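Below is one structure, written out as structure tokens; comments come after it.
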Number of protein chains: 2
Amino acid sequence: MSEPANRNSGESLLFLTDEQLRKGIEAMFFAYRGFTADPDRILADMAYGRAHHRAIHFIRRSPGTTVNNLLTILGVTKQSLNRVLRTLIEDGLVESRVGRRDKRERHLYLTERGADLEGQLSDAQRERMRAAYRAAGPAAVAGFRQVLEAMMDPEIRHHYDRLKDGSS
Amino acid sequence: MSEPANRNSGESLLFLTDEQLRKGIEAMFFAYRGFTADPDRILADMAYGRAHHRAIHFIRRSPGTTVNNLLTILGVTKQSLNRVLRTLIEDGLVESRVGRRDKRERHLYLTERGADLEGQLSDAQRERMRAAYRAAGPAAVAGFRQVLEAMMDPEIRHHYDRLKDGSS
DNA sequence: CTTGGAGTGTCAACAAGACTGACATATTAT
DNA sequence: ATAATATGTCAGTCTTGTTGACACTCCAAG
């Protein structure tokens, strides 16, 4: 193929072979396995799974969020989320309060016990993230976030951006 | 909280708050959704799922790989993989050849039809990866890979490193 | 005030894809 | 010969996702 010999450095560095992209795809696959490994190990001992982890993560992140909002963020059906929420509420990890303005809505909060579990799971996951950040260095971390953000669907990106940012 | 006012820049930039790490965790979660979205859409029309995609990806990557090897890379049980492989072989997307040195082993190859599907799925996934790489720039891509690699379990990292690298 | 629609909860049925455990069969290594 | 390895398969379970249907509460528009 007739690739021009000289271009500016930005463009030439952005000539990406299929093999380079493939390696990036594999990095995502393997890294995600590591990313979920620690919480999964903790959850395996209890009657909970990854879905419960996700629910309590985002409830802790946005206390008082509604079921519908959580639905959108998690990208699952209400039936699927409801099963998870029901067990968490029954077990006393999550509290569901009827909305005062709109009584159809349920606002979700972690109980003390729920916050305990969330902390335990988050600690494990953050520890791995922290170790990876330290190993890679600050510049790498910035790049990491940039690429991940560019990989999100625009709608999802919108929800992501609305979550409190810890970069300040 | 007696943080020394002056440290070297590397250390001070590596002081990571829980909120910063939390944001990174969420970035992984949302980005992985985008990462799998395109192949999932294609597969939804067929009788295949994400598990089939993973299998043919790594068969295409390491033609002639054995069942046991694939098992380790994918991190699933042989029963789980066998179900997937069986359908792929029955449908003529994957060929299983008895090993010539060790006749217990089965070496796996994509057929022409299998390679077609693999290409279709990979094209979609690579396109998103390429777009994200372009949007973030070359420096970000390097950091992205560094952090992901540091996040992998050491054993898995070993398998990852052994796959052909496209960075040359 | 009635009616329509939105937000929520719940029931039932189902499917993908993971798991464990047990067992069969070749084949190779000791 | 015997033990270990590589694979395949059957049976059962679990988590987590899906559709579809239906009821209830509440808000807002007519």
Side-chain angles (χ1 to χ4, degrees), chain A residues 29 32-33 36-37 39-59 64-91 94-108 121, chain B residues 29 32-33 36-37 39-59 64-91 94-109:
Chain A
F29 173 66
Y32 199 78
R33 284 249 293 280
T36 57
D40 282 356
R41 257 191 296 276
I42 296 171
L43 290 159
D45 297 334
M46 322 182 189
Y48 299 131
R50 213 176 278 180
H52 300 84
H53 181 198
R54 293 198 283 257
I56 64 177
H57 175 101
F58 285 108
I59 293 173
T65 185
T66 63
V67 173
N68 219 15
N69 188 30
L70 202 50
L71 231 53
T72 314
I73 285 177
L74 294 175
V76 297
T77 59
K78 64 175 178 175
Q79 292 89 335
S80 196
L81 175 59
N82 189 252
R83 185 175 26 197
V84 167
L85 280 181
R86 198 183 342 166
T87 68
L88 290 173
I89 292 169
E90 280 171 5
D91 296 353
V94 167
E95 193 190 348
S96 168
R97 296 184 205 156
V98 175
R100 45 169 188 73
R101 269 190 42 187
D102 186 335
K103 293 176 193 166
R104 291 168 303 181
E105 294 180 343
R106 304 299 142 94
H107 298 276
L108 303 168
L121 296 169
Chain B
F29 173 66
Y32 199 80
R33 283 250 294 280
T36 57
D40 282 357
R41 256 191 296 276
I42 295 171
L43 289 159
D45 298 335
M46 323 183 188
Y48 298 132
R50 214 177 276 180
H52 300 83
H53 181 197
R54 293 198 283 257
I56 64 177
H57 175 101
F58 286 108
I59 293 173
T65 185
T66 63
V67 173
N68 223 6
N69 188 31
L70 201 51
L71 231 52
T72 313
I73 286 177
L74 295 176
V76 297
T77 60
K78 64 174 179 175
Q79 293 91 331
S80 198
L81 176 59
N82 188 254
R83 182 180 27 194
V84 167
L85 278 182
R86 196 170 29 196
T87 67
L88 289 173
I89 291 168
E90 279 170 4
D91 296 354
V94 168
E95 193 189 349
S96 168
R97 296 183 204 157
V98 174
R100 44 169 188 73
R101 269 188 43 186
D102 188 335
K103 292 175 193 166
R104 290 170 303 183
E105 294 180 340
R106 303 300 142 93
H107 299 275
L108 303 168
Y109 301 87

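Remember, predicted model here, so these are calculated numbers, not experimental data. Worth knowing before you read on, the calculation uses all heavy atoms, side chains too, and leaves out hydrogens, waters and symmetry mates.
Residue Arg50(A) places none of its side-chain N or O atoms closer than 4.0 Å to OP1 or OP2 of dG17(C). One finds no side-chain N or O of His52(A) lying less than 4.0 angstrom from the OP1 or OP2 phosphate oxygen of dT15(D). Residue Asn68(B) places at least one side-chain N or O under 4.0 Å from the OP1 or OP2 atom of dT7(D). Listed pair Thr77(A) / dG17(D) fails the phosphate criterion, with no side-chain N or O lying under 4.0 Å from OP1 or OP2.
Not a single donor-acceptor pair, N or O on each side, falls under 3.5 Å between the base of dT27(C) and the side chain of Lys103(B). Within 3.5 Å, a donor on the side chain of Arg104(A) pairs with an acceptor on the base of dA6(C), or the reverse.
Checked by atom type, the side-chain pair His107(B)/Thr66(B) shows no donor-acceptor distance below 3.5 Å.
With dT18(D), dA22(C), dT28(C) as the candidates, the nucleotide lying closest to the side chain of Lys78(B) is dA22(C). The nucleotide whose nearest atom lies closest to any side-chain atom of Arg54(B) is, among dT8(C), dA18(C), dG17(D), dA18(C).
Residue Gly75(B) is classed as a sugar-phosphate contact, given heavy-atom separations below 4.0 Å to backbone atoms only.
Note: Phe29(B) and Tyr32(A) fail the aromatic proximity criterion, with ring centroids not under 6.0 Å apart.
One interatomic measurement links the two molecules: NE2 of His107(B) to P of dA6(D), which rounds to 12 Å at whole-angstrom precision. Rounded to a whole Å, the CG atom of Leu43(B) is 16 Å from the C1' atom of dT18(D). As a whole-Å value, the separation of Tyr48(B) OH from dA15(C) C1' is 16 Å. If you take CD of Glu105(A) and C1' of dT25(D), they are 12 Å apart, rounded to a whole angstrom. Summarising the geometry, the separation between CG on Asp40(B) and C1' on dG17(D) is reported as 12 Å, rounded to the nearest angstrom. Per the geometry, CG belonging to Asp45(A) stands 17 Å off P belonging to dC19(C), to the nearest Å. In this structure, Arg33(B) places its CZ atom 14 Å from C1' of dT16(D), rounding to the nearest Å. The distance from atom CZ of Arg101(A) to atom C1' of dA28(D) is 13 Å, rounded to the nearest whole Å.
Proximity of residues 79-89 of chain B to DNA chain C (heavy atom under 4.0 angstrom from any strand atom) is restricted to Gln79(B), Ser80(B), Arg83(B).
When side chains are defined from C-beta on, Arg83(A) does not count as touching Gln79(A), because their heavy atoms never get closer than 4.5 Å. Looking at heavy atoms from C-beta onward, Tyr48(A) lies out of side-chain contact with His53(A) at the 4.5 angstrom threshold.
The residue among Val98(A) and Ala47(A) whose nearest nucleotide of DNA chain D lies closer to the 5′ end is Ala47(A). Residue whose closest nucleotide on DNA chain D sits further toward the 5' end, between Asp102(A) and Thr66(B): Thr66(B).
A distance of 14.5 Å separates CD of Glu105(A) from CZ of Arg97(A), quoted to the nearest 0.5 Å. The NE2 atom of His57(A) sits 9.5 Å away from atom CG of Leu74(A), with the distance rounded to the nearest 0.5 Å. Atoms OG and CG, on Ser96(A) and Leu88(A) in that order, are 11.5 Å from each other to the nearest 0.5 Å.
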*asked:* If you apply the rule side-chain hydrogen bond (donor to acceptor under 3.5 Å, both in side chains), what do you find for Thr65(B) with Asn69(B), and how did you get there?
replied: CA-CA 6 Å; Thr65(B) 185; Asn69(B) 188 31; 2.7 Å; yes
